[in-house]
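Naming convention: chains lettered A, B, ... in sequence-line order (proteins, then strands); numbering from 1 in each chain. Keep in mind the model is a prediction, meaning the values are calculated, not measured. Quick note: numbers below take in every heavy atom, side chains included, and nothing from hydrogens, waters or symmetry partners.
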Amino acid sequence: MSWQENFLEKELFWQKKWEENKIFKTEVKLDKKKFYCLVMFPYPSGKIHMGHVRNYVIGDVIASYWRMKGYNVFHPIGWDAFGLPAENAAIKHNVHPEKWTKNNIQNMRDQLKRLGISYNWDVEITTCEPSYYKWNQWFFIKMFERGLVYKKKALVNWCPKCQTVLANEQAQQGVCWRCDNIVEQKELDQWFIKITEYAEKLLDGHKFLENNWPPEVLTMQKNWIGKSEGAEIKFAVRDSDFNEIVVFTTRADTLFGATFIAVAPEHDFSKLVAKNNFKVAEYLNKILKKPLNERKLAKEKTGIFSGFYGINPINNEAIPIYIADYVLMEYGTGAIMCVPAHDQRDFEFAKTHNITIREVIKPLSGTTTLPEAAYELDGIMVNSDRFSGLSSYEGRIKIIEYLESKNLGRKKIYYKLKDWLISRQRYWGTPIPIIYCEKCGILTVKEEDLPVMLPQNVHITGTGESPLKYIEEWVNTKCHKCGGNAKRETDTMDTFVDSSWYYARYCDSKNDKEPFDVNITNYWLPVDQYIGGIEHACMHLIYSRFWHKFMYDLGLVKTEEPFLKLLTQGMVTLGGVAMSKSRGNIVEPDEIISKYGADTTRLFILFAAPPQKQLEWSDKGVEGCWRFINRVDRLVEKFLEVKNKKQLDTEQQEYEKEKKYLLSEYNKLLKGIILDIEKEYQFNTAIAKTMEITNLLYSYKYFGDEVSEKVLKELVVILSLFTPHLSEELWYKLGEKFSVRKTNFPEYNEDLIIEDKIEIPIEINGKLKSKILVDKDLPEEDLKRIILKDTKILQALQNKKILKWVIIKNKLVNIVLE
RNA sequence: GCCGAAGUGGUGGAAUUGGCAGACACGCUGGUCUCAAAAACCAGUUCCCGUUUUAACCGGGAGUGAGGGUUCGACUCCCUCCUUCGGCACCA
């Protein structure tokens with residue numbers, strides 16, 4: 001029966017067979033090379049979308065390829081199951097978040113299975129299970145013990161729609177990562193993880209990733225961590241109770257050019273001034289009322305003179321102190337020294353406030369941009385007393401040295417990266433294992449009391465307070481130290497905690513004694529290939545790198561980085577824009593699968609674009625893939641028909657020639673396929689080559705002979721990467737044993753790629769004029785003789801003098817005429 | 001503004017180290033099969049001009065965002081610029 005007659009039943013049949021035979025189950029085999037292929041696990045939102053399908057199909061091809069290459073491949077899947085949508089659903093449909101989540105998982109698991117992906121389902125993880133989140137709590141306690149978590153009252157990002165706080169990474173560009181609402185600032189007492197302590201290590205670790213991660217991801221992370229080296233410099237404040245203002249600068253070499261100081265409106269100095277200065281108070285009032293987001297977007301820089309002067313420590317000059325809205329309290333010290341000649345923002349501010357602009361850096365060569373604009377580049381110091389004449393680079397070192405010797409300043413590095421705020425005022429997350437004792441204060445829950453279970457009976461309101469607060473029997477507890485009354489922390493953890501170490505848990509997912517057995521993780525980790533969306537560049541991919549480094553410091557992992565190679569797959573678009581529910585441009589995987597089957601869907605997704613690039617959905621393209629699949633199916637049918645028939649009488653010589661040609665072309669293509677896959681996962685071109693092999697077999701005169709049988713079978717094996725169900729079926733039809741997915745990937749034979757005759761393009765002055773067929777490795781003189789007999793070349797040459805022959809052996813000839 | 005990625009037929013996309021631009025598909029055109037359609041199969045398909053009764057064939061020219069450069073030879077390397085997408089954005 002042909003594929004198109006009952007492909008849906010066949011796909012289900014083979015899926016069941018793979019599952020029953022547990023052919024993708026893996027275990028530690030120390031004598032075997034391992035390959036850990038990981039895809040970013042999904043949030044169980046209800047159903048899978050094309051983005052998931054793309055992600056997981058790419059992952060499956062990679063896993064299958066290395067498995068067939070003889071590696072012990074670990075390819076797990078699970079569910080990032082905590083999160084806000086479950087609570088929203090709870091409010092909307094009056095269903096418990098757990099029930100909603102687990103229903104979704106069940107649905108999506110079926111959908112994933114319908115794609116025929118080679119997962120090891122035995123190690124499946126669901127992060128909302130106590131058996132998993134227990135270890136989140138355990139890690140939290142380990143961090144607490146090492147001083148890496150702390151509670152702090154601070155201005156934090158608040159999403160009014162999600163009714164919870166957000167980490168800095170989750171409020172990029174001032175909007176909520178989940179709902180795109182503009183975030184507000186709120187002062188709250190919250191738990192933070194000291195990720196900043198690892199800022200340098202996170203930057204440093206990039207050296208392990210440089211050639212194996214997309215450069216844009218590394219740059220995004222680098223920018224996000226935002227390291228800047230410079231100095232803190234103390235400016236004494238004249239005639240004020242506020243003794244000194246500390247500024248941060250990366251340009252200590254411009255210190256002589258500082259003609260004013262600017263401090264942020266939120267700075268304590270500003271607040272102090274406002275007490276006795278009505279105008280300043282009025283200004284602060286106006287500025288602080290505006291949301292930070294709006295303030296950052298404002299083009300105009302405003303400010304007001306504080307009435308005080310600061311003393312420049314390098315030359316004792318008194319310079320005015322301004323309060324200005326372009327100075328951010330959240331970065332550096334919240335105060336800056338301003339050098340209008342060499343900083344464009346200071347320049348603009350100085351212009352509007354009539355402040356002196358003093359040039360202290362001259363360009364090494366070329367001209368300065370002054371007086372039209374600030375000259376911001378490095379150069380030679382001028383007007384800088386005994387430092388004049390030094391380069392900016394030397395000057396920075398010398399000036400900082402001087403300030404340090406006088407205790408007027410010090411070397412300092414600042415990062416843009418902020419500590420990770422992990423408290424969430426929500427129910428559906430990991431309870432933070434902290435109790436507040438009336439006598440003993442803040443304590444972590446004892447390890448043996450873990451997990452702190454999430455209570456079942458909860459009323460979810462979405463009001464911005466943790467629903468756990470109202471479950472008295474849960475909140476009220478006893479102090480394990482003094483036995484007195486204590487209350488539990490009611491905030492839950494950011495769900496990014498769950499995904500920060502799941503890749504390690506997969507290795508030993510059922511362990512109830514420890515997060516994982518290092519004997520197992522030491523074999524599987526690090527992840528060899530990670531596949532997912534680029535949107536996680538500065539969230540999940542920073543958090544989990546941090547977590548891994550923490551586990552490294554605990555001695556739980558041996559490598560410094562968790563993910564050796566990263567592939568960020570492009571978006572799936574329709575009409576040029578990402579598929580989204582709100583835009584209504586969605587193609588449902590289920591619909592496509594029930595119409596064309598999983599294999600066609602997989603094939604199209606892999607063929608339409610290289611994995612890294614955006615993929616535009618095309619129904620016509622899908623049909624093309626459907627046609628190809630059936631064409632392969634018919635090819636096998638045709639083979640089985642002609643196989644046992646006696647070959648027509650043929651001339652032996654002719655047959656040998658055809659056979660050689662087939663093998664040569666096939667081996668060339670196979671070599672290309674291996675290169676396409678191993679080099680850059682170029683599945684689109686690899687598939688194109690399988691199409692060429694198919695075309696080759698269709699046009700092979702002696703189809704049905706042994707050679708074509710070998711090529712055909714290998715084609716089926718290659719295709720099992722992309723269309724596993726079809727391949728399994730054809731493999732069976734060809735009389736081979738289950739399972740094609742456990743066979744070895746074919747290897748090409750360089751010796752069979754033979755070309756005794758080569759077509760050489762002949763160019764004249766770089767323009768193609770003719771082509772000739774000659775023997776391989778023909779001596780140059782013979783080659784020239786043949787070329788000079790070619791009519792087209794003779795015609796082009798006509799009386800013209802040949803200046804030069806450029807002969808690239810076996811490749812090309814270019815004749816240069818005068 | 002800064003950083004990153006990318007610009008190739010009607011479309012998606014190919015082109016090891018600089019060496020035949022457009023692989024493989026989609027679409028379109030024509031044909032075979034059929035009462036007809038679908039499917040399948042075969043042929044053609046970068047653009048412009050010319051030769052030609054039309055077509056085939058042949059000949060000439062242009063062509064990888066634009067303009068320069070290096071080179072016997074440039075989609076590929078260098079410089080200047082434009083456009084699109086993505087990230088960061090008063091970070092001192």
Practice problem: Kindly say whether Gly766(A) contributes a backbone atom to a donor-acceptor pair with the side chain of Asn814(A) at under 3.5 angstrom? | Solution: yes
Quiz item: In Watson-Crick or G-U wobble terms, both distances under 3.5 Å, what is the partner of C41(B)?
Solution: G31(B)
Exercise. May I ask you to decide if Gly575(A)'s main-chain N or O and Glu616(A)'s side chain share a donor-acceptor pair within less than 3.5 Å?
Key: yes
Quiz item: For Val217(A), which contact category applies under a 4.0 Å heavy-atom criterion: base, sugar-phosphate, or nothing?
Solution: nothing
Quiz item: Across the strands shown, which category fits Lys767(A) at heavy-atom distances under 4.0 angstrom: base, sugar-phosphate, nothing?
Solution: sugar-phosphate
Practice problem: Assess whether one donor atom and one acceptor atom, taken from the side chain of Lys804(A) and the base of U71(B), lie less than 3.5 Å apart. | Solution: no
Quiz item: Of all the choices, C41(B), G19(B), A25(B), which nucleotide is nearest to the side chain of Val806(A) once you look at every atom?
Solution: G19(B)
Exercise. Round to a whole Å and report the spacing from CD1 of Ile807(A) to P of C72(B).
Key: 16 Å
Exercise. Report yes or no: is the cationic atom of Arg631(A) (NZ for Lys, CZ for Arg) under 6.0 Å from the centre of the six-membered ring of Tyr698(A), at an angle within 45° of the ring normal?
Key: yes
Practice problem: Provide, to the nearest angstrom, the distance between the CG atom belonging to Asn223(A) and the P atom belonging to C88(B). | Solution: 9 Å
Quiz prompt | Sugar-phosphate only, base, or nothing, as touched by Asn684(A) at under 4.0 Å among non-hydrogen atoms | solution = sugar-phosphate
Exercise. Test the Lys351(A)-Phe349(A) pair against the cation-pi criterion, namely NZ or CZ under 6.0 angstrom from the six-membered ring centroid and within 45° of the ring axis.
Key: no
